[in-house]
Participant: 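Starting off with a structure, shown below.
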Amino acid sequence: MSEPAIVIDAKRVSDLLDRLPAGEASALPEALRAAQAAFRHVPREVAAAVARRLSVPASRVFGLATFHGEFSLFPKGEVVLKVCTGAACHGRGAPTLLDELLSKLGIASGGTTKDLKFTVETTNCVGACAMAPVVSVNGELRGNAEPSAMAKELLGGRS
Amino acid sequence: MKLDGREAFSRAGEAARGRDAGRTVVRVCRGGGCRGGAAVAAAIESTAREAGTVLAVRSAGCHGCCDLGPVVTVPAAGLFLAGVKPADAPEIVTKVIGAGEVPDRLAVKDAATKKRFAREAEIPFLAGQTRIGLRNAGRIDPADLDDAIAAGTYGAAAKALTTMTPEQVIAVIEASGLRGRGGAGFSTGLKWRACREATGDDRFAVANGTVLLEIDPHAVLEGLLIAAYAVGAHEGFVFARADSARAVALVKGAIETATARGLLGERILGTDFSFTVRLALGGSEFVCGESTAVLRAIEGLVPEPRVKYPRSAERGLFGRPTVLDNSETLALVPVVVARGPEEFRKVGTAESPGTKVLNLGGRVRQGGLFEVPFGTTLRTLVFGLGGGVAGKRRFKAAMVGGPSGGILGEADLDTPLDYGPLAARGAIVGSGNVMVMDDHSCPVDVARYFTHSLAAESCGKCVPCREGLHHLAEILTRITLGEGTPADLPRLRALARVVADASLCGLGKTAPNVVLSTLDRFEAEYRAHVEDRKCPGGVCRALTKFEIDTDLCEGCQACQKVCPTGAISGAKKQPHRIDPEICTACGMCRTKCKFDAITVV
Amino acid sequence: MIAMDIDGRRVVTEEGRTLLDAAREAGIDIPTLCHHEALEPFGGCRLCVVEAAPADSRGPAELVISCLAPARDGLVVRTASERVKEARRTVLDLLLARCPTSDVIRRLAAEHGVPRTSFPESTDGSKCILCMLCERVCAKIGAHAIGGAGKSRGKRIAAPFDLAAEDCIGCLACARICPTGHIGYEETDDERKIWGRTFRMVKCEVTGRPLMTEEQRSFEAKRAGLPEDWFTKCPESKRRETAETIAKAFEEVR
Amino acid sequence: MAKAAVNGKRLIVTPDRCTSCRTCELACSFRHGAPNRPAVPRLRTFDFGGPPKNVILTCFQCDDAACVRVCPVTALVRSGETGAIVVLERRCIGCGSCAVACPFGQIEMDPVKLLARKCDLCGGDPACAAFCPTKALEYR
């Protein structure tokens with residue numbers, strides 16, 4: 001079985017580049033954000049094209065892309081699950097939830113399934129302790145459930 | 001249509017205030033925490049339509065008490081309803097609006113007295129605040145410029161631009177004693193003056209900080225406009241976290257609408273002054289809030305702080321003189337300009353006039369945003385406004401100033417919340433976050449948790465922060481795992497002191513606060529960890545053994561139901577028992593026990 | 001003119017100088033690791049901290065980094081107080097734990113009274129102290145080939161995307177400026193390998209000695225506004241050639 | 001040749017008088033050497049068959065010097081006092097571009113310090129001229 005890949009088609013790349021102000025180094029974060037949104041990661045070839053378009057050295061692009069947690073060099077899953085590891089969630093089964101998610105998907109924390117469906121990460125306290133344990137599902141918070149039931153629900157039909 | 005002068009502006013205000021004449025306005029909170037607000041608004045609207053009641057259902061920004069949401073207010077009657085569901089719409093339309101009666105379940109229960117209040121002016125935790133920066137919180141739709149104008153926003157800017165010189169504006173801000181709410185509390189007036197007097201052809205004014213942007217973006221923009229006018233900046237930025245989608249959308253819209261109305265952009269309000277504002281987005285990392293890091297991020301660079309020689313006021317963004325102010329400070333600026341410095345100084349302390357927005361959370365009955373005068377004591381905040389410690393627990397400590405704040409104990413409850421007194425006790429005003437901990441918490445574990453987080457947040461530029469926080473976290477982790485030694489305590493203290501003394505930026509300088517302040521106040525608990533191998537708070541699993549006090553246990557089985565390992569046995573109405581072989585000391589049982597029967601041995 | 005008290009001595013310097021400049025001019029040694037006079041000050045290693053306070057100040061002195069703090073009239077500076085020494089010792093202790101295999105750090109730490117680290121030693125064998133001199137010198141030259149990646153303890157020096165550094169000109173400035181010898185390279189008379197690249201050497205037309213990489217030649221020629229064939233011979237050959245030309249010229253005159 | 005310096009002096013070479021005794025090279029090495037390390041001289045004599053055929057070669061302190069133009073960190077600067085182009089050792093990054101750029105071979109890289117090394121007119125008191133027994137080198 002071949003691994004699915006995120007298609008980096010030339011049209012989307014050129015659209016992305018066209019929206020950037022040529023030669024404006026300060027547009028770099030915005031460019032990387034657009035790349036991450038379009039391809040669920042910052043592909044190397046897109047980063048190189050961005051560097052040329054903005055007249056920024058590739059080393060700076062790499063530095064910024066690796067500094068911020070919002071950027072990833074490898075494709076993230078369609079669904080990004082961030083398990084809150086704050087004190088309240090920790091006490092209410094977050095470790096169990098995390099373990100269940102990871103073992104069901106067969107990945108390590110921070111990893112992505114081979115079919116690029118799921119990424120599982122941990123996050124610092126998201127401030128929703130009332131609904132612990134909390135998971136952010138593509139940015140939306142879910143919680144208030146038994147860890148194993150939650151794991152099942154989050155992964156849908158997958159086992 | 002552009003407002004081309006002060007007169008046009010005041011006419012616009014009258015028009016905005018008069019647009020709901022003859023209709024009852026109902027505001028439904030659509031803040032970040034009030035999920036379900038949209039459905040409530042729709043239900044009220046359709047119910048009113050069917051009943052033939054003429055209503056203007058408007059959105060409101062966050063009130064700062066999300067646990068009570070969705071909140072519905074009827075401003076004309078001063079009513080404040082909490083926890084509203086779409087099914088409540090008929091009652092709201094007929095009873096509340098029609099007859100001014102509020103069903104008990106929709107009134108706010110006071111956390112301390114259990115009494116219910118429906119009038120905003122009577123709800124203790126709201127009435128006890130002095131909302132200046134939050135003057136429009138929940139009272140306007142942050143996405144509606146007319147709401148803002150009706151509330152008087154941009155009036156102070158109009159006054160400044162048309163009747164005051166930049167020097168006069170700076171003099172007023174200086175006289176008010178306004179201090180920057182973002183961190184160290186530096187004098188805003190002095191900063192503005194330094195920027196105005198710095199050599200440079202053009203300069204920048206920048207706003208930073210997310211909370212006020214979600215609640216009252218136009219107040220922040222008005223403050224920024226006044227700052228720009230004062231220092232002579234013609235370009236500015238609002239810097240917001242890219243991941244706070246709500247703030248981003250609101251600010252974007254606010255800049256667009258204010259520019260379209262001639263309140264920003266070219267020749268503002270028909271004057272010669274022009275100021276163009278753009279939105280710049282940054283990462284969610286902690287260091288992205290540091291002032292020099294903010295400016296680097298706007299330039300598209302990695303947000304590593306730089307040493308402040310020279311200061312940003314002299315050479316900041318793109319090498320030009322720059323004022324950077326927190327959005328909370330900027331929201332206060334129009335108030336100072338409109339009412340004058342003497343009026344502003346009537347609240348707060350002599351050193352720190354005015355108010356501070358605090359975000360109270362943790363084990364407290366009523367959390368949320370509290371705006372109180374500087375000098376208000378921690379006791380008033382926690383036990384007065386916050387209604388005391390949640391459940392039946394006792395107050396143990398409060399972390400004051402956010403993740404890099406310090407831990408204060410019971411003996412510090414009468415500390416005035418102000419820069420000087422807090423610093424003297426190893427805490428900071430910082431982000432204004434106050435997290436309350438009860439007697440089931442462990443100060444060592446709290447220190448470990450925050451030090452560990454902050455170590456990962458270090459940008460990596462300077463050695464003490466990058467390496468020092470890592471080793472502090474390592475030592476603390478060993479202690480909480482029961483592998484610490486008494487020699488670790490002086491080592492912790494010595495390392496924490498150097499990290500605080502020698503780090504480059506505010507993050508490194510304040511990160512050890514949590515270590516030093518817990519060592520100062522809870523040394524006995526540290527000693528228990530390293531000498532007796534015990535965690536008195538019952539948090540550090542490796543050092544905790546729970547037991548059920550059979551005298552107190554009522555045999556309700558609540559603990560059995562939540563125990564993830566099945567370690568608790570005992571029939572109903574019979575005292576229960578924890579099998580120490582199976583128990584993992586997760587503490588779930590203790591959170592459920594109503595009789596305080598689960599004790600740490 | 002600015003007059004300060006540094007360690008009890010009156011030191012006079014000019015406007016625009018740093019405390020480090022002033023101290024060094026006066027022969028007072030302050031250790032540094034990330035400082036280099038050719039580069040913009042960085043302020044990361046914190047080794048050059050000193051205590052400074054205005055003469056009339058009654059509050060506690062500030063711990064500042066001398067490589068960036070400007071000299072100010074009337075400042076009282078202490079470069080070796082117990083507070084300063086404690087900060088330096090801790091910084092070196094931390095760096096020693098990070099780079100236990102670095103001779104430079106070991107020697108410096110020992111000189112400051114830290115014969116061994118009090119923290120668990122890193123075992124990755126890296127000698128990088130993240131002083132960023134390499135990144136900064138590369139940027140100063142104008143190549144911008146390498147830079148910092150990641151953050152916190154995970155920060156490191158890298159070529160973009162950890163591939164061969166496309167913008168590298170093989171000048172070795174990074175390796176030469178590195179205080180701990182962390183940046184490795186290989187070199188023969190014909191080629192030089194660094195940052196995943198292999199560079200061909202330009203050789204002296206006369207002696208065949210390697211001069212610089214072809215990429216460096218193009219880069220430097222462009223910057224200096226000189227033709228590429230300006231860079232063709234080693235100094236010794238050029239000296240001999242010049243001497244012969246002069247001798248010949250004199251011969252002709254006579 | 002170099003612009004007039006503040007001190008108004010120049011290093012004047014009269015090759016006819018040079019016996020290629022190499023005292024100048026020795027004096028230069030000695031003046032610039034560190035203890036226990038005989039420095040390599042910054043000027044050289046060439047014996048093309050004895051006087052008057054010998055040549056003394058040292059830095060011309062060129063006006064529009066290639067070394068100055070090529071240095072990426074402005075570590076080569078002209079001294080106002082003597083007019084000499086001097087290496088600011090603390091600023092030099094040892095890239096070696098100047099050594100390859102100088103058309104006369106007057107800059108070499110110090111193999112120990114890994115920094116550029118050239119004639120600096122000894123800050124206004126050149127040892128070579130002071131010790132030249134035949135006045136083939138004069139500083140006046």
Side-chain angles (χ1 to χ4, degrees), chain B residues 283 285-288 292-293 301-311 314 423 452-475 477-478 483 487-488 490-505 507-509 511-512, chain C residues 16 18-19 33-34 40-51 60-72 83-99 105 117-122 129-132 135 147-157:
Chain B
E285 286 78 13
F286 197 53
V287 72
C288 297
T292 58
L301 300 169
V302 165
E304 278 179 359
R306 66 164 181 87
V307 182
K308 289 175 182 167
Y309 303 114
R311 296 210 160 262
E314 292 156 40
H452 189 78
S453 305
L454 290 171
E457 293 286 320
S458 167
C459 78
K461 181 170 178 174
C462 79
V463 176
C465 174
R466 180 186 71 228
E467 309 291 334
L469 291 182
H470 164 78
H471 287 290
L472 282 176
E474 291 282 290
I475 297 171
T477 301
R478 279 196 290 108
E483 295 159 12
D488 282 333
R491 288 175 63 213
L492 266 181
R493 193 186 288 275
L495 179 55
R497 277 199 185 131
V498 172
V499 173
D501 206 19
S503 286
L504 191 156
C505 81
L507 191 151
K509 284 185 191 301
Chain C
T18 63
L19 297 184
L33 271 171
C34 72
E40 289 291 309
F42 181 66
C45 79
R46 320 304 286 177
L47 208 56
C48 72
V49 289
V50 296
E51 274 192 276
E62 227 188 314
L63 200 67
V64 300
I65 49 166
S66 58
C67 69
L68 267 151
R72 288 207 186 102
R83 183 176 168 204
V84 165
K85 286 198 274 189
E86 171 69 8
R88 281 191 198 140
R89 273 198 299 268
T90 305
V91 162
L92 287 166
D93 197 348
L94 291 166
L95 285 178
L96 194 53
R98 180 186 172 91
C99 307
I105 299 299
T117 177
S118 51
F119 305 108
E121 288 184 354
S122 162
I129 57 169
L130 290 169
C131 66
M132 311 311 280
E135 178 192 72
K151 67 173 199 287
S152 186
R153 283 250 293 172
K155 187 177 175 181
R156 63 206 167 82
I157 291 296

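Keep in mind the model is a prediction, meaning the values are calculated, not measured. Below, chains carry the letters A, B, ... as their sequence lines are ordered, and counting in each starts from 1.
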Participant: I'd like to know which of C:L33, C:L94, C:V91 tops the heavy-atom pair count under 4.5 Å against chain B.
Facilitator: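 Between C:L33, C:L94, C:V91, the count favours C:L94.
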Participant: Highest number of heavy-atom pairs under 4.5 Å with chain C: which of B:V499, B:L495, B:L469?
Facilitator: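 The answer is B:L495.
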Participant: Among the options C:S118, C:A87, C:A69, pick out the one with the most heavy-atom pairs lying under 4.5 Å from chain B.
Facilitator: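 Heavy-atom pairs under 4.5 Å are most numerous for C:A69.
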Participant: Suppose we screen for ring-ring contact (aromatic ring centres under 6.0 Å, His included). Which residues come up paired with B:F286, at least two apart in sequence or across chains?
Facilitator: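 Here no residue qualifies.
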Participant: Which atoms of B:R491 come close to chain C, meaning under 4.5 Å heavy atom to heavy atom: side chain ones, backbone ones, both, or neither?
Facilitator: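 Only the side chain of B:R491 comes within 4.5 Å of chain C.
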Participant: Counting heavy-atom pairs closer than 4.5 Å to chain B, which one of C:P70, C:S152, C:G147 comes out on top?
Facilitator: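 That would be C:S152.
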Participant: When only pairs under 4.5 Å are counted, which of B:R466, B:E457, B:R497 shares the most heavy-atom pairs with chain C?
Facilitator: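 Of the options given, most contacts go to B:R466.
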Participant: Side chain from CB out, backbone as N, CA, C, O: work out which of these in B:V463 comes under 4.5 Å of a heavy atom of chain C, or both, or neither.
Facilitator: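 Both backbone and side chain of B:V463 come within 4.5 Å of chain C.
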Participant: Using a cut-off of under 4.5 Å on heavy-atom pairs, state which of B:V307, B:V302, B:V287 scores highest against chain C.
Facilitator: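 Going by pairs under 4.5 Å, I would pick B:V307.
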Participant: Please name the pair of heavy atoms, one in C:G43 and one in B:C462, separated by the smallest distance, quoted to 0.1 Å.
Facilitator: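 In terms of heavy atoms, the two residues are closest at O-CB, 4.5 Å.
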Participant: For C:E40, I'd like to know if atom CD has over 12 heavy atoms of other residues, nucleotides or ligands within 6.0 Å.
Facilitator: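 It does not: C:E40 CD has 12 such atoms or fewer within range.
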Participant: Should C:F119 and B:E474 count as side-chain neighbours, where that means a heavy-atom distance under 4.5 Å?
Facilitator: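 Of all side-chain heavy-atom pairs linking B:E474 with C:F119, none is under 4.5 Å.
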Participant: So which part of B:E285 gets closer than 4.5 Å to some heavy atom of chain C, the side chain, the backbone, both or neither?
Facilitator: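 When you check distances to chain C, only side chain atoms of B:E285 fall under 4.5 Å.
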Participant: Is there side-chain contact between B:E304 and C:K155, with heavy atoms separated by less than 4.5 Å?
Facilitator: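 Heavy-atom side-chain distance check passes, below 4.5 Å.
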Participant: Looking at B:S458, B:A455, B:C465, which one has more heavy-atom pairs under 4.5 Å with chain C than the rest?
Facilitator: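 Of the options given, most contacts go to B:S458.
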Participant: At a heavy-atom separation under 4.5 Å, does C:K151 approach chain B through its side chain, its backbone, both, or neither?
Facilitator: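 Its backbone and side chain both get close to chain B.
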Participant: What residues, two or more places apart in sequence or in another chain, satisfy salt bridge (charged side-chain N to carboxylate O under 4.0 Å, His left out) together with C:E86?
Facilitator: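 Result, salt bridge (charged side-chain N to carboxylate O under 4.0 Å, His left out) vs C:E86: C:R89.
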Participant: Do C:P120 and B:H471 come close enough that some side-chain heavy atom pair is under 4.5 Å?
Facilitator: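 Yes, side chains in contact.
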Participant: Ignoring hydrogens and geometry, is there a side-chain-to-backbone donor-acceptor pair from C:R46 to B:S503 under 3.5 Å?
Facilitator: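 Checked: pair present.
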Participant: Within this structure, what is the CG-CD distance for the pair C:L130 and B:E467, rounded to the nearest 0.5 Å?
Facilitator: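 C:L130 atom CG to B:E467 atom CD measures 7.5 Å (nearest 0.5 Å).
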Participant: Would you compute the distance between atom NZ of B:K461 and atom SG of C:C34 and round it to the nearest 0.5 angstrom?
Facilitator: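 It is 8.5 Å, given to the nearest 0.5 Å.
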Participant: When rounded to the nearest 0.5 angstrom, what distance separates CD1 in C:I65 from OH in B:Y309?
Facilitator: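 Reported value, rounded in 0.5 Å steps: 7.5 Å.
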